[in-house]
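Any value given below was found using the heavy atoms of this structure, including those in side chains, with hydrogens, waters and symmetry copies removed.
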Amino acid sequence: MPQELRVYNTLTRKLEPFRPAEPGRVRMYVCGMTVYDYCHIGHARAMITFDVVVRWLRETGLDVTYVRNYTDVDDKIIARAAEAGEDPLALSARFIEALDEDVGRLGLLTPTHQPKVSEHIDDIIALVERIVERGHGYVVPAAEGAEGHDVFFSVRSFPRYGQLSGKNLDDQRAGERVDVDPRKRDPADFALWKAARPGEPSWPSPWGPGRPGWHIECSAMSMRYLGESFDIHGGGIDLVFPHHENEIAQSESGTGVHPFAHYWMHNGHLTMAHEKMSKSLGNIVRIRDILDEVPAEALRLLYVETHYRSPLPYSSARLVEAMAALDRLYHAREVLAEMASRPPAASAEELVRDLGEPAAQLHELASRFPERFAEAMNEDFNTSRAVALVYDLTRAVNRFGNNKKWRKRSAALAEPALAAFDLAGRVLGIGALEPEDWFRQVRERRLRAMGRSEAEVQALVDARVEARKARDWARADAIREELAELGVVLMDTADGTRWRMRVG
RNA sequence: GGCGACGUACCCAAGUGGUUAAGGGGCGGGUUUGCAAAACCUGUAUUCACCGGUUCGAAUCCGGUCGUCGCCUCCA
C-alpha cells in the first residue's frame, strides 16, 4: 500500500489516519432508511457512498463487519399507515421488500447485518434502563391520550453534548419554531421511549406499553452487532444533528464508554436544481424509476465522479453524460477482450519496445494503475481521482486498439489493463459488466422508451446492409436517417454493420 | 440569530503552498470512412467569485465583500 488510508472525521473536522481499534478488522454502522415509502436517489447516494467505502476497506484486506439498519418503527410509518388504513409493521415490511429490490438493482453489497428496530426492542429497553440508572434519563408521565410514561434523555447531563455538530446548547433557539414539551427539563432533551397511544404499535416496558424514540434504535442495534465502541459510523450529512449527536450522548451516557464511534463519516446531499431533494419538498426521484431509464452503472458513475462529501447537483442530463462516458469505457473493454483472446505473441516489454509510444503508455498506465488507484482511494475515498485514472486507461487502450494489427499480438498488454478495470469494477462498481451486457442494458431501455422492438430495428439494419452491398448509397443513407430517428446509431466496420442505441 | 459548507472553462468536477490547473460531457478542427458513426489526435481556464494581506512563491493560508447551499424541526 503506497500510503495509509486517511478519513475525514466529522467529529474532529480533520483528515485522520484510519486505524481500526482491532488491527485488520473494521466495525462499521451506517444509518439505513426509515421504511415508509420507496427510496429515492438521494438515499441511493448514501448507500453507494458507504458501499464504496466497504468495498475499498475490504480490497485493502480488512475484515469489515458492515451493519445497516432498517428503521421500521417510527412516527412517520405510523402516520402513513394510519392514512392507508394499513398495519404499520405490514407497511414497513412492504417497503423493506421494495428497498431490498432497489439495493439489488443498484448492485450494492449486502451488509453483514441488517437489523430491524421491531426485532430489537429488548436491546433498546435494556439500553434505556441503563441510561436512566446512570442518571442521564428521566421518566415523566405520558402526554395526553397515552398511558404509562415517556422517558427523556437529559442533554445537560452529558457535557460533551454538541461536540459532533459543533453546537452549543446555550446558543440554540429551541422552541422558536416548534413548541417545547413542558415535561422536558431542557428544550433539547429528546425521547428515548414513547408511551403508546391507542392503535399504535407498542411493546411492554418498565414504563408501560410504548415504543422507542427516534435515536435510540441505532445506539442499541450498533452495540448489539459491533459492541459499545466501534470504528466507523456513517450516514447522510443531515443526520449529524440531531440524530448522531443524540446517538453519541445516549450511547456514551448509557455505557460510560468513550468514544461510541471513532470515525464519523457523512455523505453530502444530492440536490435538485440547487435544492435539497426531500420528501417534504416533494421533488423526489425514486431509485426504481431511474433504473428503468438507465443502467445502475450510470447512476453509480455519476455519484463516484463527485467526492462523497460534496453536494451533488443531480440532473438527467448528467446521467446521459455518464452513459456516454461508459460507452467509451466499454468500447475499450471490447478492445481488450479481443486483444486477450489471441495467444500471446510477445512479452509486454517486447511490445513496448517494438510498438512505441501507444504501447508504452498503455503498459505504464495499466501496470501502475493499482498503486495510483490506491493513492486516490486512500485520500478519503477520492473516487473522483480514481475515476479519472480509469478514463486515462480507457483512452490509452482505445488509442492502442485503433491499430488492428497490434491488437492481434498484444495479449500481454491486455492482461494488466483488464486487471485494472476489474479493480475499478470491484471497488467503484463501474466498468464491471461484460461489454455486451452494458450495451444490451442501454439498448433494452432505449428501445422500450421508443416503443420499438429489436427485430424491427434489425430488419431495417439488414435492409441497409443490402443497399450498401448494391452500392445504393442513397437508399442506405435514407434507411440510416430513419434509424437515427429511432435513436439507433450505426457503425459500419470491416466485420460488418453494428448498431447501438444513442444514450440520451 | 447560531453553526457549517461551497463558489475552478460552455456544463460537471479533481487539485488545498512551488513542474505545462486532473478527468468527464459538450463544441470547433483533423485522422479514418462511400458518406457517416465509433475510436483516436488536436483546440477549447496565463487562470481558479471579487478585493486586500501573508509569503521568494497562493486556486491553495489569513481578513473582508458578494453569491449559493445546508443544519439548528422529520430527513440519506
Q: Strictly under 3.5 Å: I want the nitrogen or oxygen pairs between protein and nucleotides 38-41 of chain B, one per line.
A:
from  : atom 1 : to       : atom 2 : distance (Å)
B:A39 : O3'    : A:Asn398 : ND2    : 3.2
B:A39 : O2'    : A:Asn398 : O      : 3.4
B:A39 : O2'    : A:Asn402 : OD1    : 3.0
B:A39 : O2'    : A:Asn402 : ND2    : 3.4
B:C40 : OP1    : A:Arg328 : NH1    : 2.9
B:C40 : OP1    : A:Asn398 : ND2    : 3.4
B:C40 : O4'    : A:Asn402 : ND2    : 2.7
B:C41 : OP2    : A:Arg395 : NE     : 2.9

Q: Just call it for A:Thr306: base, sugar-phosphate, or nothing, with non-hydrogen atoms closer than 4.0 Å on any strand.
A: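 The answer is sugar-phosphate, as A:Thr306 gets under 4.0 Å only of primed atoms, P, OP1 or OP2.
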Q: For A:Arg68, which contact category applies under a 4.0 Å heavy-atom criterion: base, sugar-phosphate, or nothing?
A: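 Nothing: the residue A:Arg68, judged by heavy atoms under 4.0 Å, touches no strand.
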Q: Is there a donor N/O on one and an acceptor N/O on the other, under 3.5 Å, for the side chain of A:Glu321 and the base of B:G24?
A: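 Answer yes: a donor N or O sits under 3.5 Å from an acceptor.
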Q: Would you indicate what A:Asn382 reaches in the nucleic acid, counting non-hydrogen atoms under 4.0 angstrom: base, sugar-phosphate, or nothing?
A: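 Contact class for A:Asn382: sugar-phosphate only.
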Q: If the C1' atom of B:G64 is compared with that of B:U54, how far apart are they to the nearest Å?
A: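 Comparing C1' positions in B:G64 and B:U54 gives a spacing of 15 Å.
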Q: Quick one: list whatever passes salt bridge (charged side-chain N to carboxylate O under 4.0 Å, His left out) with A:Arg395, sequence neighbours left out.
A: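 A:Arg395 satisfies salt bridge (charged side-chain N to carboxylate O under 4.0 Å, His left out) with no residue once adjacent residues are dropped.
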Q: What contact category does A:Gly42 fall into here, base, sugar-phosphate, or nothing, at under 4.0 angstrom with non-hydrogen atoms?
A: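 Base, at least one base atom sits under 4.0 Å.
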Q: For A:His307, answer base if it contacts any base atom (sugar-phosphate contacts may also be present), sugar-phosphate if it contacts only those atoms, and nothing otherwise; contact means non-hydrogen atoms under 4.0 Å.
A: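 Sugar-phosphate, backbone atoms only, no base.
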Q: Just to verify, what does A:Glu16 make a salt bridge (charged side-chain N to carboxylate O under 4.0 Å, His left out) with, not counting sequence neighbours?
A: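 A:Glu16 satisfies salt bridge (charged side-chain N to carboxylate O under 4.0 Å, His left out) with no other residue.
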Q: Output the rounded distance in Å from CZ (A:Arg13) to C1' (B:A5).
A: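 For the pair A:Arg13 CZ and B:A5 C1', the rounded distance is 10 Å.
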Q: Sequence neighbours left out, what passes salt bridge (charged side-chain N to carboxylate O under 4.0 Å, His left out) with A:Asp477? Give chain and number order.
A: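 Salt bridge (charged side-chain N to carboxylate O under 4.0 Å, His left out) check on A:Asp477 returns A:Arg480.
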Q: Could you tell me whether the side chain of A:Arg468 has a donor or acceptor atom within less than 3.5 Å of a complementary atom in the base of B:G34?
A: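 Looking at the base of B:G34, it does pair with a donor or acceptor on the side chain of A:Arg468 (distance under 3.5 Å).
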Q: Please state whether the rings of A:His40 and A:His43 are parallel, tilted or perpendicular, taking 30° and 60° as the class boundaries.
A: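 Rings of A:His40 and A:His43: parallel, as their planes differ by under 30°.
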Q: Could you tell me the separation between the CZ atom of A:Phe439 and the C1' atom of B:A37, rounded to a whole number of Å?
A: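 In whole Å, B:A37 C1' lies 13 Å from A:Phe439 CZ.
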Q: Could you pull out every donor-acceptor pair under 3.5 Å between side chains of residues 381-388 of chain A and any protein atom, sequence neighbours left out?
A:
from     : atom 1 : to       : atom 2 : distance (Å)
A:Asn382 : OD1    : A:Ser384 : N      : 3.4
A:Asn382 : OD1    : A:Arg385 : N      : 3.0
A:Thr383 : OG1    : A:Val304 : O      : 2.7
A:Ser384 : OG     : A:Glu305 : O      : 2.6

Q: Is a donor-acceptor pair below 3.5 Å formed from side chain A:Asp477 to base B:G34, judging by atom type as modelled?
A: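 When only heavy-atom distances are counted, A:Asp477 does reach the base of B:G34 through a donor-acceptor pair under 3.5 Å.
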Q: Measure NZ/A:Lys14 against P/B:G4 and give the value in whole Å, please.
A: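 Rounding to the nearest Å, NZ of A:Lys14 and P of B:G4 are 15 Å apart.
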Q: With a 4.0 Å cut-off, would you call A:Arg445 and A:Glu293 a salt bridge?
A: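 Salt bridge between A:Arg445 and A:Glu293, a charged N being under 4.0 Å from a carboxylate O: no.
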Q: Would you kindly give the CD-to-C1' distance between A:Glu305 and B:U8, to the nearest whole Å?
A: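 Nearest whole value for this atom pair: 17 Å.
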Q: Against the six-membered ring of A:Tyr8, is A:Arg309 placed for a cation-pi contact (under 6.0 Å from the centre, within 45° of the normal)?
A: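 That pair qualifies as a cation-pi contact.
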Q: What's the gap between B:U20 and B:U44 when it is taken at their P atoms, as a whole Å value?
A: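 Looking at atom P only, B:U20 and B:U44 are 16 Å apart.
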Q: Going by salt bridge (charged side-chain N to carboxylate O under 4.0 Å, His left out), name the residues that satisfy it together with A:Arg452, two or more places apart in sequence or in a different chain.
A: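 For A:Arg452 the salt bridge (charged side-chain N to carboxylate O under 4.0 Å, His left out) partners, ignoring immediate neighbours, are A:Glu456.
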Q: Roughly how far apart, to the nearest Å, are B:C10 and B:G70 at atom C1'?
A: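 Here B:C10 and B:G70 have their C1' atoms 27 Å from each other.
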Q: Return the stems involving RNA chain B, sorted by first number, where pairs are Watson-Crick (N1-N3 with N6-O4 or O6-N4) or G-U wobble (N1-O2 and O6-N3), both under 3.5 Å, and runs are 3 or more long.
A: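 Runs of three or more consecutive pairs: B:1-7 with B:66-72, B:10-12 with B:23-25, B:26-31 with B:39-44, B:49-53 with B:61-65.
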Q: Verify the contact: side-chain N or O of A:Ser310 to OP1 or OP2 of B:A14, cut-off strictly under 4.0 Å; return yes or no.
A: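 For B:A14, OP1/OP2 do have a side-chain N/O of A:Ser310 under 4.0 Å.
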Q: CZ of A:Arg385 versus P of B:U8: gap in Å, rounded?
A: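 So the CZ-P distance, A:Arg385 to B:U8, works out to 20 Å.
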Q: What does A:Gly234 touch in the nucleic acid at a heavy-atom separation under 4.0 angstrom: a base, only the sugar-phosphate, or nothing?
A: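 It contacts nothing in the nucleic acid.
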Q: With hydrogens left out and only the distance checked, is there a donor-acceptor pair under 3.5 Å joining A:Asn168's side chain and the base of B:C3?
A: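 Under the 3.5 Å cut-off, the side chain and the base do not form any donor-acceptor pair.
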Q: For A:His215, enumerate each residue passing the ring-ring contact (aromatic ring centres under 6.0 Å, His included) test, keeping only those at least two apart in sequence or located in another chain.
A: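 ring-ring contact (aromatic ring centres under 6.0 Å, His included) check on A:His215 returns A:Phe190, A:His243.
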Q: Please list, one pair per line, the donor and acceptor atoms closer than 3.5 Å that link side chains of residues 429-440 of chain A to other protein atoms, with sequence neighbours excluded.
A:
from     : atom 1 : to       : atom 2 : distance (Å)
A:Asp437 : OD1    : A:Arg440 : NH2    : 3.1
A:Trp438 : NE1    : A:Asp327 : OD1    : 2.7
A:Arg440 : NH1    : A:Glu444 : OE2    : 3.4

Q: Quote, to the nearest angstrom, the C1' distance that separates B:U60 from B:U16.
A: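 Each nucleotide's C1' atom is 4 Å from the other's.
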